[in-house]
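Throughout, a chain's letter reflects where its sequence line sits, starting with A, and its residues are numbered from 1. Computed from a predicted structure; not experimentally measured.
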Amino acid sequence: MKRAYIAEALKGKDVDQEILVKGWVRTRRDSKGGFSFIELNDGSCFNNLQIIVDADLDNYQDEVIKLFPGSSISVKGTLVKSQGGGQSVEVKANEIKVYGFCDPDEYAVGKQRVSFERLREIAHLRVRTNTFGAVTRVRNKLAKATHDFFQERGFYYINTPIITANDCEGAGEMFRVTTLDPDAIPRNKDEVDYSKDFFGKESFLTVSGQLAVESFACGLSNAYTFGPTFRAENSNTSRHLAEFWMIEPEMAFADLADDADLAEEYIKYLITTVLNECAEDMDFFNKRIDKTILQTLAHVNESEFVRLSYTDAIDILSKSGQKFEFEPAWGNDLQTEHERFLTEKEFKKPIIVTDYPRDIKAFYMKQNDDGKTVAAMDVLVPKIGEIIGGSQREDNIQKLDSRIKEQGMELEPYWWYRDLRKFGNVPHAGFGLGFERMVQFVTGMDNIRDVIPFPRTPRSADF
RNA sequence: UCCUCGGUAGCUCAAUGGUAGAGUGGGUGACUGUUAAUCAUUAGGUUGUAGGUUCGAAUCCUACCCGAGGAGCCA
């Protein structure tokens, strides 16, 4: 007999048919009147399937009565209309086979409430909770929707390198990759001799696939990456990970306005997909995690994202009458408190801030004609803050070179990146979206460590 | 990295410097359909680690470890 998934069984199409289901026990309630109720979950959907186990079953006393939360079983029985109120169908079991028992004294994921902090210490088991099952299904759906969105629009999925020898991707501290023996590092005088290392030079884990995906967009028109990125920053916040996943689309023959339009369309596509296809999970988040999340997402979907220049943003902040710890001033980056004021109080929806001062942005961003700003954009959303950072890329080789030098870097390592401007140069633009921040935004989860299976943060790389 | 707060039963949390407690989960008993079942009863502790002050420390002091919130950095 073929195993049925609980998601299918709960649709109730096969009432009065024989059924075989397998999964993990969530709870067991006994009625000494002669039977027990088992709530079974197999991960195929949020809801559990109720199993009615009659005390007449051969292994009732020896096994069924010892099925604590976490135990794994298979159930053969009949799918019937439920007599109780909480569910429309349930299974009357003829046979319960136990795969594995679960000792409640040692198993921390019972039916009792457990804090997210505690669950992080048992991340290999937390997926068996309502919250993490729901997060995982939503995360999965967001990944699928990402590919659908870009594939439907003619973007090619590019696998950019994880290991890079560019010490220059321009985004923070990097993790070193080496096969050198730390107890016997080869040296030339005082310098480490990286010519003896695996790649013959210093190498690192990537902090961004952008430079590589630019080269593919400048040949295929539209390309995107969706891969892991690594930042060795000592960031201890609910919005940062040392290892996270990033989506980076890049479009040739596109400017900053095209970039902003793509970002807005993409975010709305993700939200629409999740609202339509993860309704049960989203209801759970709305009930238990953030009581405004469904309303917020619907609002975001309906509203047009505000386009606002950095200069205008500073102006609004200065005239707001709001007391800030850091006074907004042209030339300084927007502080978290400024971003929150704009997204949560002034506009109450996502905003796209464009044209930042060149001195606070990366070398590859296109310089505007005013000589002061660059064609950069940040998409800011309520609660999370920056969810997307992007720009039109500098396509003038002289300006690109002078920016590289201004930042005290060498031209030589960028030879291939600069070639893109020499051979069939085109205006192009793209952005990066932090995947975990998007999962946070959609689910309402407070801590980014709770929206990735096994989080990596400073001093923490368990599992 | 900085600031603030915290670490007590398997879990969630109480406890003026003076006998370490409750809820929940577990055991046992009761209940003919429960929905975080309910009721009764019972077991469960090196109070994060190492020092110190004190007649006496979960409580005060020092150092370290771990966690949370905020900031910076960013996605």
Side-chain angles (χ1 to χ4, degrees), chain A residues 26-39 47-55 65-66 68-70 80-87 90 92 102-122 129-130 169-173 207-210 228-248 263 288 324-326 332-337 339-340 360-362 378-381 384-390 431-441 446-450 452 457-460 462:
Chain A
R26 281 295 172 82
T27 72
R28 191 195 78 243
R29 296 180 291 270
D30 301 323
S31 166
K32 289 284 161 51
F35 51 94
S36 293
F37 302 93
I38 288 174
E39 296 276 345
N47 289 315
N48 304 323
L49 180 61
Q50 179 162 281
I51 313 291
I52 312 298
V53 190
D54 203 278
I65 213 74
K66 292 172 187 158
F68 296 108
V80 297
K81 279 205 155 48
S82 178
Q83 298 171 32
Q87 58 286 314
E90 63 195 16
K92 262 201 154 4
C102 194
D103 182 350
D105 283 338
E106 293 183 57
Y107 186 64
V109 189
K111 50 185 167 181
Q112 72 274 28
R113 205 164 289 164
V114 182
S115 65
F116 289 148
E117 292 79 33
R118 169 67 184 139
L119 287 173
R120 242 168 259 156
E121 295 168 10
I122 47 172
T129 63
N130 283 336
E169 286 167 344
E173 291 295 308
V207 294
S208 164
Q210 181 198 313
T229 47
F230 308 87
R231 307 264 170 103
E233 303 285 354
N234 191 6
S235 296
N236 295 288
T237 83
S238 57
R239 305 185 309 282
H240 290 86
L241 292 165
E243 177 183 289
F244 65 99
W245 289 68
M246 190 152 64
I247 292 122
E248 295 176 282
R288 293 295 172 85
F324 294 111
E325 190 185 341
F326 296 94
N332 297 339
D333 211 344
L334 297 180
Q335 303 287 316
T336 299
E337 56 176 339
E339 296 179 352
R340 295 195 74 147
I360 59 171
K361 287 292 181 183
D378 283 356
V379 180
L380 311 178
V381 298
I384 312 290
E386 186 181 346
I387 199 166
I388 281 180
F431 62 78
L433 173 130
F435 189 52
E436 284 75 19
R437 287 195 183 169
M438 191 65 207
V439 181
Q440 269 190 287
F441 182 59
D446 281 329
N447 198 311
I448 200 166
R449 292 159 196 168
D450 299 328
I452 189 169
T457 54
R459 293 179 306 282
S460 173
D462 298 327

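The distance from the CD atom of A:Glu436 to the CH2 atom of A:Trp245 is 9.0 Å, given to the nearest 0.5 Å.
Using a 4.5 Å heavy-atom threshold, the side chains of A:Phe37 and A:Ile52 count as touching.
Applying the 3.5 Å distance criterion, the base of B:C74 shares no donor-acceptor pair with the side chain of A:Ser235. Judged by distance alone, with hydrogens and angles left aside, A:Arg437 brings a side-chain donor or acceptor within reach of the base of B:C74, the pair sitting under 3.5 Å. Between the side chain of A:Lys66 and the base of B:G27, no donor-acceptor pair under 3.5 Å is found. Put simply, the side chain of A:Gln87 and the base of B:U34 share a donor and an acceptor less than 3.5 Å apart.
If you check every strand for non-hydrogen atoms under 4.0 Å, A:Arg118 touches sugar and phosphate atoms only. Using a 4.0 Å heavy-atom distance criterion, A:Asn447 is classed as a sugar-phosphate-only contact. Among the protein residues, A:Glu243 comes within range of no part of the nucleic acid, since none of its heavy atoms lies under 4.0 Å from any strand. Nucleic acid contact for A:Tyr107: none, since no nucleic acid atom lies under 4.0 Å from a heavy atom of the residue. Counting non-hydrogen atoms under 4.0 angstrom, A:Lys92 reaches a base of the nucleic acid. Here A:Ile387 lies in heavy-atom contact (under 4.0 Å) with sugar-phosphate atoms only. Residue A:Glu39 is classed as a base contact, given a heavy-atom separation below 4.0 Å to a base. When heavy atoms are screened at a 4.0 angstrom cut-off, A:Ser82 is found touching base atoms of the nucleic acid.
Considering only the side chain of A:Arg29, B:U34 comes nearest among B:U34, B:C11, B:C73. With B:C73, B:C11, B:G33 as the candidates, the nucleotide lying closest to the side chain of A:Glu233 is B:C73. Out of B:C11, B:A71, B:U34, the shortest distance to the side chain of A:Glu90 is found at B:U34.
Counting heavy-atom neighbours within 6.0 Å of A:Arg29 CZ, excluding the residue itself, gives a total above 12.
One can place CZ of A:Phe326 at 16 Å from P of B:C2, the figure rounded to the nearest angstrom.
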Practice task
Starting at the 5' end of RNA chain B, write a dot or bracket for each base, bracketing those in Watson-Crick or G-U wobble pairs whose two distances are under 3.5 Å and using | for partners on another strand.
Solution key: (((((((..((((....[..)))).(((((.......))))).....(((((..]....))))))))))))....

